Amino acid sequence: MNLVIDIGNTRVKIGLFLKDKLLKNKAYDSFNLNSLQSIFKENPGIENSILCSVKKYPSAFKKILSSHSHFVELTYTTPVPVKVAYKTPQTLGMDRLAAICGAYTTNKGSNVLVINAGTCITFDFLDNKGIYNGGSISLGLDMRYKALHTFTGGLPLISSDMKFKKLIGANTAESIKSGVQLGMVNEIDGIINEYLSKYPDLTIILTGGNMPWLLKSLKSKIKAEPFLVLTGLNVILSLFHNQGKLASANRF
């Protein structure tokens, strides 16, 4: 089995794959050494592992992963199935790259826009030649609410309300919800339309924690892929080990 780990800004997501089939997945609000050791105890069939992270994590994670499996840390030098045209690959979030690789496996030969709506909203474009061109980064839903509260003197911190649809807020709380939630939806719709004007055959894939809400709110035809980053990590891990086996077979 393959163990894939995605350490995000807010949560840690893990997946267990048998070849290309996702057998188990779990999201952790709190993830530590005990959490990692428990995964191996509960799943003795793990042979290979890969980790990507958008932030620093305990070095002991690497030791545990390396001692229990053939471990790969995803970096900008790791072999991937797409060509990366990003000008500063060393600054590229590895979750963005993993999502693109996940999208590539089921959409080869297509122009693809991947939207990951989590702590941040990322837009990433893969062209029909299998080249990752880059994209854009914007504030996520919770970050927008927190920014209004943090950088003003009198606006309260409001919780998101996925059922809220009013254009005109009748009080301050409703006005914030309208500005944040409708503003975010219209921002995403607008960016999608910009891409569609250049690539009419565009395939749009949505993933991330706010995916269920956005699916109901956005106007375009969108494919939902809740485990896109995990799938991409598994693709990269499989490619890495297959290349290693091929190199060993060709070594004299």
Side-chain angles (χ1 to χ4, degrees), residues 1-80 90-102 105 114 116-122 137 140-143 145-146 157 159-160 207-213 224-242 244-245:
M1 283 191 298
N2 289 344
L3 168 64
V4 305
I5 303 174
D6 170 28
I7 300 179
N9 289 299
T10 307
R11 296 190 299 172
V12 174
K13 284 83 69 178
I14 68 101
L16 287 171
F17 287 82
L18 183 60
K19 294 184 177 179
D20 60 354
K21 183 179 180 181
L22 179 60
L23 301 178
K24 298 179 183 178
N25 69 277
K26 186 174 181 179
Y28 296 80
D29 292 323
S30 176
F31 189 83
N32 52 35
L33 295 178
N34 289 334
S35 306
L36 184 56
Q37 290 170 333
S38 294
I39 291 171
F40 282 103
K41 288 179 181 179
E42 295 168 7
N43 303 278
I46 296 172
E47 296 179 353
N48 307 306
S49 63
I50 187 170
L51 179 149
C52 83
S53 180
V54 299
K55 60 184 181 181
K56 292 183 178 180
Y57 60 91
S59 59
F61 281 10
K62 290 183 183 181
K63 293 180 181 179
I64 294 173
L65 289 163
S66 298
S67 64
H68 289 83
S69 64
H70 301 291
F71 170 60
V72 177
E73 181 179 20
L74 179 58
T75 72
Y76 72 97
T77 63
T78 306
V80 294
Q90 68 275 14
T91 68
L92 175 63
M94 290 297 99
D95 56 335
R96 295 174 66 190
L97 182 58
I100 281 292
C101 292
T105 58
V114 174
N116 192 339
T119 304
C120 296
I121 306 170
T122 55
I137 305 171
L141 184 64
D142 290 342
M143 196 182 296
Y145 277 114
K146 290 176 182 177
L157 180 60
S159 298
S160 56
T207 191
N210 287 311
M211 181 195 72
W213 166 61
E225 296 284 355
F227 307 117
L228 188 64
V229 174
L230 298 182
T231 298
L233 287 172
N234 186 60
V235 168
I236 295 167
L237 180 59
S238 299
L239 174 68
F240 183 89
H241 286 294
N242 286 339
K245 290 176 183 178

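What you are looking at is a predicted structure, and each value in this text was computed from that prediction instead of being measured. For reference, positions follow the sequence shown, starting with 1.
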So do [Y] and [X] actually touch side chain to side chain, heavy atoms under 4.5 Å?
| X | Y | result |
| --- | --- | --- |
| L141 | W213 | yes |
| L36 | I5 | yes |
| F17 | V4 | yes |
| E225 | V114 | no |
| L157 | K146 | yes |
| L51 | Y57 | yes |
| L230 | K13 | yes |
| F240 | I50 | no |

Tell me the closest heavy-atom pair linking [X] and [Y], and the distance in Å.
| X | Y | result |
| --- | --- | --- |
| C120 | I137 | CB-CG2, 4.2 Å |
| C101 | V80 | SG-CB, 3.8 Å |
| V229 | A99 | CG2-CB, 4.0 Å |
| G209 | P212 | O-CD, 3.6 Å |
| S160 | D142 | OG-OD1, 4.3 Å |
| L33 | A60 | CD2-CB, 3.5 Å |

Do F71 and F61 have ring centres separated by under 6.0 Å?
no

Kindly compute the distance separating [atom1] ([X]) from [atom2] ([Y]), expressed to the nearest 0.5 Å.
| X | Y | atom1 | atom2 | answer |
| --- | --- | --- | --- | --- |
| I14 | I7 | CD1 | CD1 | 12.0 Å |
| S66 | E73 | OG | CD | 9.5 Å |
| D95 | T122 | CG | OG1 | 6.5 Å |
| M211 | N116 | CE | CG | 10.5 Å |
| Q90 | T75 | CD | OG1 | 11.0 Å |

Counting distance only, does the side-chain N/O of [X] pair as donor-acceptor with the main-chain N or O of [Y] below 3.5 Å?
| X | Y | value |
| --- | --- | --- |
| T78 | L74 | no |
| S35 | N32 | yes |
| S67 | I64 | yes |

Hey, are T231 and N234 close enough side-chain-wise for a donor-acceptor pair under 3.5 Å?
no

Just jot down the side-chain hydrogen bond (donor to acceptor under 3.5 Å, both in side chains) partners of S159, sequence neighbours excluded, or say none.
none

Assess whether atom NZ of K55 is packed by more than 12 heavy atoms of other residues, nucleotides or ligands within 6.0 Å.
yes

Where at least one partner belongs to residues 14-32, residue pairs that pass salt bridge (charged side-chain N to carboxylate O under 4.0 Å, His left out), sequence neighbours excluded
none

Steps toward side-chain contact (heavy atoms from CB on, under 4.5 Å) verdict (Y76, L92)
CA-CA 8 Å; Y76 72 97; L92 175 63; over 6 Å; no

Taking only residues two or more places apart in sequence or in another chain, which ones pass ring pair (Phe, Tyr, Trp, His ring centres under 6.0 Å) with F40?
H68

Among L65, L3, N2, which one satisfies side-chain contact (heavy atoms from CB on, under 4.5 Å) with I46?
L3

